[in-house]
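All ligand and atom numbering here is 1-based and tracks the order in the structure.
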Amino acid sequence: MIGATAASVLARPAFGGTAPRVVVVGAGFGGATTARTLAAGGVDVTLVEAAERYIACTGSNAVVVGLRGIDAQTFGYEALARTGLRFVRATATGVDPTARRLSLGDGTALPFDRLILAPGIDLRFDVVPGYDERAAAAMPHAWKAGEQTVLLARQLEAMPEGGTVVISAPANPYRCPPGPYERASLIAHFLKTRKPKAKLVLLDAKDTFSKQKLFEAAWAKLYPDVLEYVPLASGGAVTEVDSAAMVVRTDFAEYKADVACIIPPQRAGRIAAQAGCTDRSGWCPIDPVTFESRLVPGIHVIGDAAIAGAMPKSAFSANSQAKVCAQAVIDLLAGRKPESPKLINTCWSLVAPGNGISIAGVFRPTDGLLADVPGAGGISPIDAPDEVRAQEAAYGESWYRTITRDVFG
Ligand code: FAD
């Protein structure tokens with residue numbers, strides 16, 4: 001799965017008698033994985049997480065259209081807390097990189113030798129005029145799974161026949177590049193089967209996107225009368241929303257929506273900025289071998305918050321990066337030079353229930369960034385028969401079961 005061998009990942013570190021302390025912030029796909037990998041390597045590790053339970057975004061588009069319940073996305077931290085790490089339920093509120101201390105919301109602080117930040121994303125409510133946190137209660141983003149996901153599902157269920165759904169997808173980079181298109185596909189399927197006179201408009205702030213040919217072929221075949229795609233070149237960028245009137249505006253048109261899902265631009269979770277690890281883009285530049293911040297020595301950043309070159313912001317990527325980062329930290333603490341890694345990402349999407357497509361990539365450090373390994377990885381064939389699409393959907397579901405057991409089980 002990663003460049004470092006299983007043997008080296010599991011090798012016991014030799015720290016010369018002292019016990020260096022590693023603190024990890026965020027128990028999502030990235031942070032939980034890196035913390036348990038470090039604990040398995042004999043490191044004294046404390047994992048800090050604000051939420052009581054983890055609610056996974058991966059698979060949550062199926063919740064939006066009633067194909068599964070939010071319970072299937074929800075994981076407790078009990079099993080993780082028994083893997084040899086120290087689990088602290090608290091919000092990390094600040095970092096002193098010189099004194100190497102992490103402040104917590106309850107007024108206490110944790111000392112560290114190395115800190116790993118895996119806080120995921122914050123949604124930017126300062127970019128699309130009219131789209132603030134209050135507007136999100138009427139026009140859900142559902143880009144952090146939980147209440148927002150359930151709200152969007154309820155709105156779709158309650159929408160009148162013949163209504164209009166508007167989705168807006170942001171410019172790059174953002175969490176889960178194919179996510180908005182999977183969501184559009186599943187909502188189009190929902191409308192086609194449940195509200196056949198309804199329409200879906202997908203407004204996009206860009207002209208190209210992940211698995212585009214596959215999505216567009218599926219839309220032409222399955223949803224020609226339901227889904228209208230409006231790319232940037234045709235005026236897809238949202239310039240304003242009015243959540244009271246349920247109106248979404250672009251430079252070219254005004255859309256009156258019965259249900260509007262606005263996915264706003266994003267940035268690294270706040271603690272990354274508080275630690276000084278974000279650049280002007282709002283994301284965190286990192287060394288691709290160790291995931292150490294390019295801006296603050298001794299702090300590593302993994303998962304969605306990091307600028308990981310060609311690697312997409314996905315749960316699969318976060319899990320791969322977490323293992324590489326843990327091994328690099330073990331090596332650095334032991335005074336060894338970390339090996340240059342190879343990392344993998346595979347991303348499955350549904351274009352309809354039981355109808356899946358995928359893209360896979362292999363990445364390695366090149367010129368200071370994570371770059372695609374040419375010729376490695378691949379994408380589903382455009383003309384695959386239905387049986388292959390059904391298999392891909394099953395592989396995606398089975399990957400979800402495996403990764404969530406790997407991370408939270
Ligand atoms: P997160 O999983 O968001 O975890 C961050 C954790 O940090 C959270 O638990 C949060 O509570 C905690 N935290 C944040 N700040 C603090 C703080 N200051 N103190 C304490 N705790 C804190 N990926 C895939 O690989 N496959 C898919 O099919 C897929 N589908 C998706 C579908 C949708 C609709 C969406 C929105 C995303 C999807 N993703 C998918 C992307 C995936 O969910 C993310 O890339 C992944 O969750 C990133 O992991 P992370 O560990 O970086 O962040």
Side-chain angles (χ1 to χ4, degrees), residues 23-35 46-64 73 75 77 80 87-95 102-105 110 116-123 140-146 148-149 152 167 169-170 173-184 186 210-211 261 263 266 268-275 283-284 301-306 308 311-322 325 344-350 356-360 395-397 399-400 403-404 407-408:
V23 174
V24 178
V25 176
F29 284 103
T33 305
T34 210
T46 303
L47 175 58
V48 178
E49 168 58 50
E52 192 183 348
R53 283 182 298 277
Y54 186 74
I55 306 184
C57 286
T58 309
S60 66
N61 283 330
V63 178
V64 165
Q73 306 295 121
F75 301 88
Y77 285 123
L80 184 64
F87 188 88
V88 173
R89 171 93 198 286
T91 301
T93 51
V95 180
L102 176 78
S103 307
L104 304 181
L110 292 170
I116 302 176
L117 298 179
I121 57 158
D122 273 1
L123 297 156
H141 51 78
W143 221 241
K144 285 193 174 192
Q148 280 270 310
T149 317
L152 181 56
I167 301 179
Y174 60 94
R175 160 176 283 182
C176 195
Y181 312 96
E182 178 186 64
R183 179 169 291 176
L186 290 179
S210 175
K211 295 183 254 189
C261 165
I263 306 167
Q266 297 146 36
R270 186 172 176 186
I271 189 68
Q274 289 167 328
W283 304 101
C284 304
V301 186
I302 57 172
D304 284 359
M311 270 194 110
K313 297 187 186 301
S314 74
F316 201 125
S317 294
N319 180 259
S320 292
Q321 294 167 8
C325 178
I344 296 178
N345 175 65
T346 305
C347 202
W348 288 270
S349 304
L350 293 174
I357 55 176
S358 67
I359 187 166
Y395 294 150
E397 188 54 37
W399 166 78
Y400 178 75
I403 194 167
T404 49
V407 177
F408 303 107

Heavy-atom donor-acceptor pair, Glu49 side chain to Ala27 backbone, under 3.5 Å: yes
4.0 Å heavy-atom contact, Tyr400 with ligand 1: no
Protein residue, atom and distance nearest to atom 2 (O) of ligand 1, heavy-atom basis: Tyr54 OH, 2.4 Å
Part of Glu182 within contact of ligand 1 (heavy atoms, under 4.0 Å): neither
Check: Phe29 ring centre within less than 6.0 Å of Phe408 ring centre: yes
Region of Val25 that comes within reach of ligand 1 [heavy atoms, distance under 4.0 Å]: side chain
Protein contact to atom 15 (N) of ligand 1 [nearest heavy atom, distance to 0.1 Å]: Pro119 CB, 3.7 Å
Identity and separation of the nearest protein heavy atom to atom 28 (O) of ligand 1: Thr58 CG2, 3.5 Å
Protein residue, atom and distance nearest to atom 49 (O) of ligand 1, heavy-atom basis: Ala318 CB, 3.8 Å
Side chain to side chain, Ser358 and Tyr395, heavy atoms closer than 4.5 Å: no
Any donor-acceptor N/O pair, Lys313 side chain to Ala318 backbone, under 3.5 Å: no
Donor-acceptor contact present, side-chain Gln266 to main-chain Arg175, <3.5 Å: yes
Distance (rounded to the nearest 0.5 Å) between Leu117 CG and Cys284 SG: 7.0 Å
Trp399 neighbourhood, listing ligand 1 atoms whose heavy-atom distance to it stays under 4.0 Å: 24 (C), 25 (O), 26 (N)
Main-chain N/O of Tyr400 paired with Thr404 side-chain donor or acceptor, under 3.5 Å: yes
Over all atoms of both residues, closest heavy-atom pair of Tyr181 and Ala169: OH-CB, 3.7 Å
Residue, atom name and distance, where the atom is the protein heavy atom closest to atom 31 (C) of ligand 1: Cys176 SG, 3.4 Å
Element-labelled atoms of ligand 1 that are located less than 4.0 Å from some non-hydrogen atom of Trp348: 28 (O)
Nearest-contact summary for atom 23 (N) of ligand 1 - protein heavy atom, Å: Ala315 N, 3.0 Å
Closest approach of any protein heavy atom to atom 19 (N) of ligand 1, naming residue and atom: Ala92 N, 2.9 Å
Expected output: side-chain Arg183 to main-chain Ala142 donor-acceptor under 3.5 Å: yes
Mutual orientation of the aromatic rings belonging to Tyr77 and Phe87 [parallel < 30°, tilted 30-60°, perpendicular > 60°]: tilted
Heavy-atom proximity to atom 1 (P) of ligand 1, best of Arg270, His141, Arg175: Arg175
Residue portion contacting ligand 1 (non-hydrogen atoms closer than 4.0 Å) for Ala90: backbone
Whether over 12 other heavy atoms sit under 6.0 Å from Arg270 CZ: no
Close-contact set for ligand 1 against Arg183 heavy atoms, below 4.0 Å: 34 (C)
Phe316, any N or O under 3.5 Å of ligand 1 N or O: yes
Heavy-atom nearest option to atom 48 (C) of ligand 1, drawn from Asp304, Ile403, Val64: Asp304
Atom indices of ligand 1 within 4.0 angstrom of Lys313 heavy atoms, with elements: 45 (O)
Under-4.0 Å heavy-atom contact with ligand 1, by part of Glu49 that carries it: both
Sidechain-backbone polar pair: Thr93 side chain, Ser103 backbone, donor-acceptor under 3.5 Å: yes
Side-chain donor or acceptor of Ser317 paired with backbone N/O of Pro312 under 3.5 Å: yes
Atom indices of ligand 1, in the order listed, that fall short of 4.0 Å to a heavy atom of Gly303: 52 (O)
Those atoms of ligand 1 less than 4.0 Å from some heavy atom in Gly28: 2 (O), 4 (O), 6 (C), 51 (O)
Close approach, Ala118 and ligand 1, non-hydrogen under 4.0 angstrom: yes
Shortest protein heavy-atom distance from atom 53 (O) of ligand 1, along with the residue and atom involved: Gly120 CA, 3.3 Å
Residue selection (non-hydrogen contact nearest atom 50 (P) of ligand 1) among Gly26, Gly30, Pro177: Gly30
Gln321 side chain to Ile302 backbone, donor-acceptor under 3.5 Å: no
Proximity of Asn61 to ligand 1 by residue part, where a heavy atom lies under 4.0 Å: side chain
Lys211 (side chain) donor-acceptor with Pro177 (main chain) under 3.5 angstrom: no
Contact check, Pro180 vs ligand 1, heavy-atom distance below 4.0 Å: no
Side-chain heavy atoms of Pro178 within contact of Ile359, under 4.5 Å: no
Whether Cys57 lies under 4.0 Å from ligand 1, heavy atom: yes
Within reach of ligand 1, part of Lys144 (heavy-atom separation under 4.0 Å): neither
Closest approach of Ala92 to Leu104 (non-hydrogen atoms, all atoms of both residues): CA-CD2, 4.0 Å
Atoms of ligand 1 close to Ser60 [distance to a heavy atom under 4.0 angstrom, numbered from 1]: 34 (C)
Ligand 1 contact on Tyr174 by region, counting heavy-atom pairs under 4.0 Å: neither
